[in-house]
Amino acid sequence: MLGTTLRKLRQSPRTMVSLAVLVMLSGFSTPLVAQPPLPVEQPPIAPNGNGNGNGNGNGNGHGNGNGNGNGKIKRTHLPNVPIFSLHECRAIALQRQPALHAQAASLQAAIVGHQALQNNDGLIARVVAPDIRIRQQQSAKGVAIAHAEYTQLTHDTLYAVTRNYYSLVYAQQQLALLEDVLPELNAIVSNLRVLLREGGVRNLNDNSLDRLILIKTAIELKKVEAESGVERAAAALREAMGVDRSMMFQPLDLELPTISTPVDKETILSLATCQRGEVIQAGIGSEVFRLEIEAQGKYRFRPLVRTFATGSDIHAKAIPTGSRGAEYRPDAVGVEMPTSLAGKRQERMDRAALLSMRADAVLDKTVKLVTLEAENGYHVWDEASRKLAIAKEANAAANGLRNRFRDDTNPLDRREDPTLSLILIGQGRATYTEAQYQLILALANLERITAGGFQAGFPGAK
């Protein structure tokens, strides 16, 4: 390979610079990154074997082998480091994520509170608290609300793991590209120095060497950024999984998968508005508020009557704020209920009715916000999908051009400037990888938006 490169250096001085430009344009961008932990058995490291790679190389027995055909970088898993698939990372997160532990505790507290009300259902309790039956119904609905919140948090956790898992794969894939070409580039610089000391070659001089060194150092800086990107992506994945930094592992996937799961817009909208935890919580919450009207009517002569908010903090969860900056995001609306209502019976009931109307408006607003999020998520996927289809054609053309350029039996027409060809090769490869990454993020987001109703079909995910 080096001999071929040096022969081309003698034939065309621009080829030397073009190779470096190819590396720079091949693309690197840093990815958009309670209870004691349960023991999780780490999967054993499989012996080396034939993988299911897309090139001519052999993969690791536990993962995908990437060959060097069609312009792909050959990569293998590190020895003696556990290998986790996306499914295994998700399973660990469901066991160890502290946010899930916290919400599970809240759900259990709601269940205990409901059971306590159920146990106070005797004659004395109904005389002292004539609204006890209504409070029991409200408490049961509170358990359902807590369960819906736990379910939505589960899907949010799975999304975080999926996003950061493929961000790590993407970052490692970009780093591998830089590590693949830098040794050859260093060898070209060294050999060019030797050629210049020995008298030089036609069309090559010290300016050629300095230009190459400048490009090489720029690539080395990109490699530093890539290494940092890998570490940041790995840290984000560990946090999403709920594990500490002492847990070392590597992703099963050696390159980003190409996923062609069909998506229907109306299905996405229907699943989002029916299954999202926020919609379920708002719907059940409006029922709780309507029951409060009846509960206030149980007390005829009491000037001050407690509400269901006495036993729960309905304002504990922050309401998302909107954005009026470069990216528009509408405001959410929250419910209101004081811990007690004062006044005559009808006055208290009227006030509870008005607050119930607000809860109904909150439900309507929540449905509209989720619908907007689902529509936006679908169009993001549609854009990413169409870009990937275009990028596939560009990648195929780039690989063909690259193979013809490196094939001495079928060289490029020397009347053409190879610099432009190599720049386009790098752009085609970079565009394709970025398009893959954006499509994966869009599909993962659709899974979250629909609360798991839509399945993207990620390899190894269950």
Side-chain angles (χ1 to χ4, degrees), residues 26-27 29 31-32 51-57 59 63-67 69-73 75 84-90 155 158-174 176-177 233 251-272 275 373-400 402 427-462:
S26 292
S29 59
L32 305 178
N52 56 358
N54 297 319
N56 300 325
N64 300 332
N66 295 311
N70 297 325
K72 293 185 178 180
I73 304 300
R75 293 181 56 212
F84 289 164
S85 67
L86 175 60
H87 170 65
E88 290 166 328
C89 290
R90 284 177 159 188
H155 293 298
L158 294 177
Y159 165 76
V161 172
T162 303
R163 179 189 180 101
N164 289 302
Y165 176 89
Y166 283 117
S167 294
L168 177 57
V169 174
Y170 175 64
Q172 290 180 340
Q173 189 173 345
Q174 301 310 304
L177 174 64
L252 168 63
D253 295 84
L254 294 174
E255 63 179 13
L256 295 175
T258 299
I259 303 173
S260 57
T261 304
V263 179
D264 179 71
K265 180 178 179 180
E266 295 305 318
T267 301
I268 294 297
L269 295 177
S270 176
L271 290 172
Q275 298 191 194
E373 185 180 14
E375 283 193 278
N376 182 68
Y378 170 81
H379 289 297
V380 169
W381 166 85
D382 182 61
E383 177 184 338
S385 181
R386 288 187 289 158
K387 284 183 177 179
L388 181 60
I390 298 172
K392 281 182 180 179
E393 184 178 0
N395 187 55
N399 287 333
R402 183 174 185 266
Q427 288 178 333
R429 297 176 65 189
T431 300
Y432 180 67
T433 305
E434 175 67 18
Q436 281 184 300
Y437 179 61
Q438 294 301 326
L439 180 63
I440 287 173
L441 295 186
L443 288 169
N445 194 38
L446 288 179
E447 283 192 346
R448 181 194 64 82
I449 289 173
T450 61
F454 167 77
Q455 294 296 313
F458 293 117
K462 298 180 181 179

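No hydrogens, no waters, no symmetry mates; every other heavy atom, side chains included, goes into these values.
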List in chain and number order the residues that pass salt bridge (Lys or Arg N to Asp or Glu O under 4.0 Å) with [X], two or more places apart in sequence or in another chain; answer none if no residue qualifies.
| X | value |
| --- | --- |
| D264 | none |
| E373 | R276, R448 |
| K392 | none |
| E383 | K387 |

Modelled atom types, side-chain donor and acceptor of Q275 and T450, under 3.5 Å: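 No.
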Ring center gap for Y166 and F458 short of 6.0 angstrom: yes
Under 3.5 Å: donor-acceptor pair, side chain of Q438, backbone of A435: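 Not at all, since once roles are kept as given, no pair shorter than 3.5 Å links the two residues.
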Side-chain (Y170) to main-chain (Q436) donor-acceptor, under 3.5 angstrom: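 Not a single qualifying donor-acceptor pair exists.
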Residue among L441, N376, L443 satisfying side chain to side chain contact (heavy atoms under 4.5 Å, CB included) with W381: L443
Separation between CD of E447 and CG of L158, rounded to the nearest 0.5 Å: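 Atom-to-atom, E447:CD and L158:CG are 8.0 Å apart.
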Pairing residues for A374 by the side chain to side chain contact (heavy atoms under 4.5 Å, CB included) criterion, not counting sequence neighbours: I268, L269, A272, I449
pair F454-T261: side-chain heavy atoms closer than 4.5 Å: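 SC-SC contact between F454 and T261 confirmed.
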Min side-chain heavy-atom separation L252-L86 under 4.5 Å: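 No, every pair of side-chain atoms sits at 4.5 Å or beyond.
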Counterpart residues, ring-ring contact (aromatic ring centres under 6.0 Å, His included), relative to Y432 (two or more places apart):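 With neighbours one apart ignored, the set is empty.
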